Amino acid sequence: MLLEWHKRLGAWVQHDGRSVPELARAAGVNEETVYKWLQGKVKNPRNPEDLDRFLQVINRKRIELFFDASAVGEPSIREVPLLLLKNLKGLERSQDIRARWDGGSVAQVPVTVSSDAVAIRLDNEDGILGRPEGDTEFHVGDIIVVEPQKPPVPGSYVFAVVENIKSVIFGSFKPSRLGATDDFSIRVPNPDFPDVEISEANPGFVLGRATKLIRDL
C-alpha cells in the first residue's frame, strides 16, 4: 500500500525523542535533507543510502516506511534502477538501458516483475504528455516500470528510441503487420501529437514494454 511516508517518518522521529539535528549527525546525513523529508518535499529520495542510515539510527527499515509492513508479511517489493526519460536520449541498440542509470536512484516495485526490470520517470520535454497534469492519463513525474525482455503487443505501452533524432518516446505500440517489431508506430499520450512512425526510412527500436504505473512514492 502506498503511503504518505513523510508523515510516518515524522511520527517515528517524534517518538524517538531526539532532535532532528541530533539524529542527522548520528546518521551522517545533511540536516536540511532530513527536514525536506519530514516536510514532504521529497517524493522519492535521490540518495537512498542516506535514508537507510537515518532509519538505522531510529531502528526502522525502508520497507516499513514506504509500505505497511504488517500487511506485507514476507517482503513483496524490491528496488530497481530509476532512470530519467531525458537521460535515455541517444541510447544505441547495442547499449543496455542501465548504462544511463546514475547508480543511486531506485524505485520500489513488486517482486513479481522481471529481474531485468527498470523504472523510468516521465518528463514532458518533447510534449508527449500534452495537457496539464490532471487532464491526461499520464503525468510528469509518473514512474513507469519497464521490462525489456517482454515483447510489445498491440496496444501495450512501450518506450521506443527514434534513432534519427536521438530521442526516446513513450506511447502505445501499433505494429504495421502481425508480429512486426521493426516497422510500427507509437501513439503518444498527447492527442495533438502525431503518431511516430518507425520504419526503414525512420529507424528505431523498442526499449521495453511498460508493465506498471507507480505514483506518490
Side-chain angles (χ1 to χ4, degrees), residues 1-85 87-88 96-123 133 138-150 159 208-217:
M1 180 173 64
L2 295 178
L3 306 170
E4 290 184 288
W5 63 269
H6 69 282
K7 293 183 179 179
R8 174 169 286 179
L9 184 62
W12 290 345
V13 168
Q14 187 175 8
H15 179 76
D16 182 89
R18 286 174 286 179
S19 69
V20 169
E22 287 177 310
L23 293 172
R25 282 196 298 272
V29 178
N30 185 282
E31 181 181 326
E32 183 179 352
T33 297
V34 178
Y35 277 118
K36 286 181 179 179
W37 293 342
L38 295 172
Q39 292 165 4
K41 294 182 178 180
V42 179
K43 287 187 177 182
N44 193 43
R46 292 186 59 82
N47 296 308
E49 296 83 2
D50 287 351
L51 181 58
D52 285 339
R53 289 198 301 272
F54 187 83
L55 291 172
Q56 186 175 13
V57 167
I58 58 176
N59 296 313
R60 297 288 183 172
K61 296 180 180 180
R62 204 188 315 178
I63 190 172
E64 297 176 88
L65 183 63
F66 289 107
F67 291 82
D68 184 354
S70 64
V72 173
E74 291 298 319
S76 60
I77 60 170
R78 63 185 176 87
E79 294 177 342
V80 300
L82 175 63
L83 303 100
L84 300 179
L85 182 58
N87 290 343
L88 296 175
D96 187 326
I97 191 173
R98 295 175 186 235
R100 299 300 178 89
W101 183 38
D102 64 13
S105 301
V106 296
Q108 304 274 350
V109 303
V111 295
T112 52
V113 302
S114 306
S115 60
D116 63 342
V118 299
I120 298 176
R121 188 188 299 276
L122 294 180
D123 59 50
E133 182 172 341
F138 298 99
H139 306 154
V140 172
D142 280 351
I143 296 174
I144 308 293
V145 178
V146 182
E147 299 186 63
Q149 298 303 317
K150 285 195 173 182
F159 287 88
R209 186 166 124 201
T211 57
K212 294 185 184 297
L213 169 64
I214 301 175
R215 283 194 175 125
D216 297 326
L217 283 179

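Sequential numbering from 1 along the given sequence is applied to the chain's residues. Because the structure is predicted, anything quoted here is derived from the model rather than measured.
- To the nearest 0.5 Å, atoms CG (L65) and CZ (R8) are separated by 7.5 Å.
- A donor-acceptor pair is defined here as one N or O able to donate and one able to accept, closer than 3.5 Å; such a pair exists between the side chain of W101 and the backbone of S105.
- Heavy atoms only, all atoms of each residue included: K212 and T112 are closest at CE-OG1, 4.3 Å.
- Between the side chain of N30 and the backbone N or O of T33 there is at least one donor-acceptor pair closer than 3.5 Å.
- Remark: side-chain polar atoms of D102 are paired, donor with acceptor, to backbone N or O of G104 under 3.5 angstrom.
- Remark: the E147 side chain and the T211 side chain contain an N/O donor-acceptor pair separated by less than 3.5 Å.
- Side chain of R209 to backbone of Q149: no donor-acceptor contact under 3.5 angstrom is found.
- In this structure, V29 and R53 approach most closely via the heavy-atom pair CG2-NH2, 4.2 Å.
- The environment of CD in Q39 is crowded: more than 12 heavy-atom neighbours from other residues, nucleotides or ligands sit within 6.0 Å.
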Determine, step by step, whether D116 and R98 satisfy the side-chain contact (heavy atoms from CB on, under 4.5 Å) criterion, reporting the C-alpha distance in whole Å, the side-chain angles of both residues, the deciding distance to 0.1 Å, and the verdict.
-> CA-CA 9 Å; D116 63 342; R98 295 175 186 235; 4.2 Å; yes

Yes or no on side-chain contact (heavy atoms from CB on, under 4.5 Å) for L88 and I120, after CA distance, side-chain angles and deciding distance?
-> CA-CA 9 Å; L88 296 175; I120 298 176; 3.6 Å; yes

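- Taking each heavy atom of A210 and I144 in turn, the nearest pair found is CB-CG2, 3.4 Å.
- With sequence neighbours excluded, no residue satisfies salt bridge (charged side-chain N to carboxylate O under 4.0 Å, His left out) with D123.
- You'll find the side chain of W37 stays beyond 4.5 Å of the side chain of V13, heavy atoms only.
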Step by step, work out the side-chain contact (heavy atoms from CB on, under 4.5 Å) result for I214 and Q108.
-> CA-CA 9 Å; I214 301 175; Q108 304 274 350; over 6 Å; no

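- Here L84 contributes atom CG and I143 contributes atom CD1; the two are 9.5 Å apart, rounded to the nearest 0.5 Å.
- The closest donor-acceptor contact from the side chain of R100 to the backbone of L85 lies at 3.5 Å or more, if one exists at all.
- Rounding to the nearest 0.5 Å gives a distance of 5.0 Å between CZ of R18 and CG of L23.
- Atom CH2 of W5 and atom CG of L51 lie 6.0 Å apart (nearest 0.5 Å).
- Separating the NZ atom in K61 from the CG atom in D52 is a distance of 11.0 Å, to the nearest 0.5 Å.
- Taking CG of L55 as the reference point, atom CG of L9 lies at 6.5 Å (rounded to 0.5 Å).
- For residues 21-34, the pairs satisfying salt bridge (Lys or Arg N to Asp or Glu O under 4.0 Å) are E32-K36, with sequence neighbours left out.
- Of all non-hydrogen atoms in P21 and Y35, the two that sit nearest each other are CD-OH, 3.8 Å.
- In terms of heavy atoms, A107 sits closest to L82 at N-CB, 4.1 Å.
- Scanning all heavy atoms of the two residues, the minimum distance from A117 to V145 falls at CB-CG1, 4.3 Å.
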